[in-house]
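Structure record follows, encoded as structure tokens.
The residues of the chain are indexed from 1 along the displayed sequence. Please read all numbers here as calculations on a predicted model, not as lab measurements.
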Amino acid sequence: MCAIAGVFHPEAGRYERTLADMLARIRHRGRDDSGIWRTDGCLLGHNRLSIIDLSDAGHQPMGNEDGSIQVVLNGEIYNYRELRAELIARGHTLRSSSDTEVIPHLYEDLGAGFVTRLRGMFALALWDSRRRVLILARDRAGKKPLFYAPSAGGIVFASEMKALFGVPDIDISVNEQAVHDYLTYGVVPGETTVYNGIRRVPP
């Protein structure tokens, strides 16, 4: 278990303290390490529970060779050794033995279609600095959680909803229909949550 969080906003730099607070609220998900990556338009944060590649080389956020693509991952990519071998054969340079590192390199080759090659349980955020594109994705079964909310002209996202509670401008009023659905069916369907302003990234 790890935690990811981030901010996508034209003035992302002014949200650094907000992101630090978001990570602090979900620190229990990963106490081995913590990291924040900053650029114009996007902040990515990660709390690490070290499982694969226990060295400092497994620190996240993690990027491609020139750092133009950055990723944070919660979960595990089961077929990363196979993907790593393929990427190296195609000329990519990987500096760690982490499963996370295959992701930015796969994106370089396949674009958003990289997710079709991943086998595992995961929630991830990937930022492409050149195209100024943010991708949020979850595994097919939706085992790993990922939530997002609009905030002041951008979006914020995190592994747990409570990480978003301290972010200004998020509507955390109760979604009465979602509560009704949960009490009736035992689940809140689709992308909705029990809070009006918070959504769930679909599997």
Is the shortest side-chain heavy-atom distance between [X] and [Y] below 4.5 Å?
X      : Y      : value
Arg132 : Trp127 : yes
Met121 : Lys144 : yes
Arg138 : Leu146 : yes
Val71  : Ile69  : no
Thr192 : Arg199 : yes
His46  : Met62  : no
Leu134 : Ile155 : yes
Leu118 : Asp139 : no

>> Go through it in stages, so that I can follow the logic: the residues are Ile172 and Ile198, the test is side-chain contact (heavy atoms from CB on, under 4.5 Å), and I'd like the CA-CA distance, side-chain angles, deciding distance and then a yes or no.
In response: CA-CA 7 Å; Ile172 57 171; Ile198 300 177; 4.2 Å; yes
>> The test is side-chain contact (heavy atoms from CB on, under 4.5 Å); show your working for Arg90 and Glu108 and say whether it passes.
In response: CA-CA 11 Å; Arg90 291 201 295 266; Glu108 284 184 294; over 6 Å; no
Minimum heavy-atom distance between [X] and [Y], given as atom pair plus value:
X      : Y      : result
Val167 : Ser151 : CG1-OG, 3.6 Å
Ala12  : Val7   : CB-O, 4.5 Å
Gly45  : Val72  : O-CG1, 3.8 Å
Ala149 : Leu164 : CB-CD1, 4.3 Å
Ala152 : Asp169 : CB-OD2, 3.4 Å
Leu23  : Gly35  : CD1-O, 4.2 Å

When clusters are formed by joining ILVMFWY residues with side-chain heavy atoms under 4.5 Å apart, either directly or through shared neighbours, do [X] and [Y] land in the same one?
X      : Y      : answer
Val156 : Phe147 : yes
Val179 : Val187 : no
Val115 : Leu73  : yes
Ile36  : Leu124 : no
Ile103 : Leu136 : no

Under the 3.5 angstrom rule, does the side chain of [X] hit a backbone N or O of [Y] as a donor-acceptor pair?
X      : Y      : value
Thr193 : Arg200 : no
Ser34  : Asn47  : no
Asn64  : Pro104 : no
Arg29  : Cys2   : yes

To the nearest 0.5 Å, tell me how far [X] [atom1] sits from [Y] [atom2].
X      : Y      : atom1 : atom2 : answer
Leu43  : Arg14  : CG    : CZ    : 11.0 Å
Ser96  : Arg84  : OG    : CZ    : 6.5 Å
Asp128 : Ser68  : CG    : OG    : 6.5 Å
Thr184 : Gln177 : OG1   : CD    : 8.0 Å
Asn74  : Thr100 : CG    : OG1   : 9.5 Å
Ile170 : Asn196 : CD1   : CG    : 12.5 Å

Near [X] [atom1], under 6.0 Å, is it more than 12 heavy atoms from other residues, nucleotides or ligands?
X      : atom1 : answer
Arg140 : CZ    : yes
Tyr148 : OH    : yes
Phe165 : CZ    : yes

>> Between the side chains of Arg119 and Glu82, is the shortest nitrogen-to-carboxylate-oxygen separation below 4.0 Å, so that they form an ion pair?
In response: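 The answer is no: the pair does not qualify as a salt bridge.
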> Is the closest basic N to carboxylate O distance between Asp109 and Arg117 below 4.0 Å?
Replying inline: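 No salt bridge links Asp109 with Arg117.
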> Are Phe8 and Phe157 an aromatic pair by the rule of ring centers under 6.0 Å?
Replying inline: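 Ring centroids of Phe8 and Phe157 are no less than 6.0 Å from each other.
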>> I'd like to know whether Gln70 forms a side-chain contact (heavy atoms from CB on, under 4.5 Å) with Cys42, so could you lay out the CA-CA distance, the side-chain angles of the two residues, the decisive distance to 0.1 Å, and finally the verdict.
In response: CA-CA 10 Å; Gln70 295 287 324; Cys42 188; over 6 Å; no
> Please walk me through it: do Arg17 and Asp21 pass salt bridge (Lys or Arg N to Asp or Glu O under 4.0 Å)?
Replying inline: CA-CA 6 Å; Arg17 181 173 283 178; Asp21 176 68; over 6 Å; no
> Would Thr93 and Glu65 count as a side-chain contact (heavy atoms from CB on, under 4.5 Å) if you check the C-alpha gap in whole Å, the side-chain angles of each, and the deciding distance to 0.1 Å?
Replying inline: CA-CA 7 Å; Thr93 300; Glu65 291 95 338; 3.9 Å; yes
>> Please verify the inter-ring angle class for Phe114 with Tyr107; under 30° counts as parallel, over 60° as perpendicular, anything in between as tilted.
In response: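 Perpendicular, since the angle between the ring planes exceeds 60°.
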